[in-house]
Amino acid sequence: VLRSLHECAYRDLPPWDLPDELRGRRRELRQAPPGSDRGRLAGWIEDLERRRPPLGPDVPLHCDAHGGNVMRYDGQAVLVDLDGLALGPREYDLATWAVSQPRDARAERDLQTLVRAYGPDLIDLDVLAWCLDLSEVNVLTWLVLDGRAWSGAEEEFHARLASVRP
């Protein structure tokens, strides 16, 4: 279903700007003491900016691809929650899908299966690796800055922080 969206000819969409959004959020994170979890996140955002690879062609992106945004309609899988549509690298949608999955031994195998099913000849693995780190840092940043109202946010934050390698 993601590949169908990415192959869509529609191009009248805003540009994908998550790196710019995270750059702004880094300022909020920098107010934390050095060495704190927030400080580490700010440093990871800076690292992501430094190692940003050349991105491939812009395609229509969902920008919030996860299982909760795929529904069945008339026997077909369809994407819902389309308010974040933008033009950007296809690898970002694959990364957001992968980051939304549980952290366990299957995660790497599931990502490889996703890339094979999508079409490995269409995926730039360097861009995908960068987008995976970007997606993870985005989730961590959301949890620490916006997720406070969610009762499981702190536990999820620490579980993700322990498993991340940016």
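Positions are given from 1, in the same order as the sequence printed here.
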Kindly indicate, with the supporting measurements, whether the criterion side-chain contact (heavy atoms from CB on, under 4.5 Å) is fulfilled by V139 and E156.
CA-CA 10 Å; V139 170; E156 179 72 10; 5.5 Å; no
Please answer whether the main-chain N or O of V127 pairs with a side-chain N or O of D124 as donor and acceptor at a distance below 3.5 Å.
yes
Which heavy atom of A98 sits nearest to which heavy atom of L111, and what is that distance?
CB-CD1, 3.8 Å
Close side-chain approach of V99 to R160, heavy-atom, < 4.5 Å:
yes
Listing request: all ring pair (Phe, Tyr, Trp, His ring centres under 6.0 Å) pairs with a residue in residues 51-97, at least two apart in sequence or in separate chains.
W16-Y92
Side chains of L18 and L134: closer than 4.5 Å at any heavy-atom pair?
yes
Decide yes or no on side-chain contact (heavy atoms from CB on, under 4.5 Å) for Y118 and H6, but give the supporting numbers first.
CA-CA 11 Å; Y118 187 93; H6 296 161; 2.6 Å; yes
OG1 of T141 to CD1 of I45: how many Å apart, nearest 0.5 Å?
4.0 Å
Could you walk me through whether D133 and D47 pass the side-chain contact (heavy atoms from CB on, under 4.5 Å) check?
CA-CA 10 Å; D133 289 346; D47 178 61; over 6 Å; no
Would you check if L87 and P60 make a side-chain contact, meaning some heavy-atom pair closer than 4.5 Å?
yes
Distance (rounded to the nearest 0.5 Å) between D64 CG and D83 CG:
8.0 Å
Is it true that L85 and M71 fall in one hydrophobic cluster, defined by side-chain heavy atoms closer than 4.5 Å?
no
side-chain contact (heavy atoms from CB on, under 4.5 Å) between D93 and L5: does it pass, once the steps are laid out?
CA-CA 10 Å; D93 272 348; L5 171 65; 4.2 Å; yes
Between L29 and L145, is any pair of side-chain heavy atoms under 4.5 Å apart?
yes
Identify the two heavy atoms, one from A153 and one from G147, that lie closest to each other, and give their separation to 0.1 Å.
CB-O, 3.0 Å
Just verifying a value: how many Å separate R90 CZ and L128 CG, rounded to the nearest 0.5 Å?
12.0 Å
Any heavy-atom pair between the side chains of L140 and N138 that's under 4.5 Å?
no
Taking the side chain as every heavy atom from C-beta outward, state whether F157 and D37 have any atom pair closer than 4.5 Å.
yes
Surrounding CD of E46 (heavy atoms of other residues, nucleotides or ligands, distance under 6.0 Å), is the total greater than 12?
yes
Answer yes or no: is there a side-chain heavy-atom contact under 4.5 Å between V70 and L79?
yes
Work out which heavy atom in L2 is nearest to a heavy atom in A65; give both atom names and the distance.
CD2-CB, 3.9 Å
Atom pair CG (D146) and CH2 (W142), whose distance is rounded to the nearest 0.5 Å:
7.0 Å
I want to check something: taking the side chain as every heavy atom from C-beta on, are L13 and L61 in contact at a cut-off of under 4.5 Å?
no
Could you measure the distance from the CZ atom of R3 to the CG atom of L122? Nearest 0.5 Å is fine.
4.5 Å
Taking only residues two or more places apart in sequence or in another chain, which ones pass side-chain hydrogen bond (donor to acceptor under 3.5 Å, both in side chains) with E49?
R23, R26
From L125 atom CG to C131 atom SG, the distance as rounded to the nearest 0.5 Å:
11.5 Å
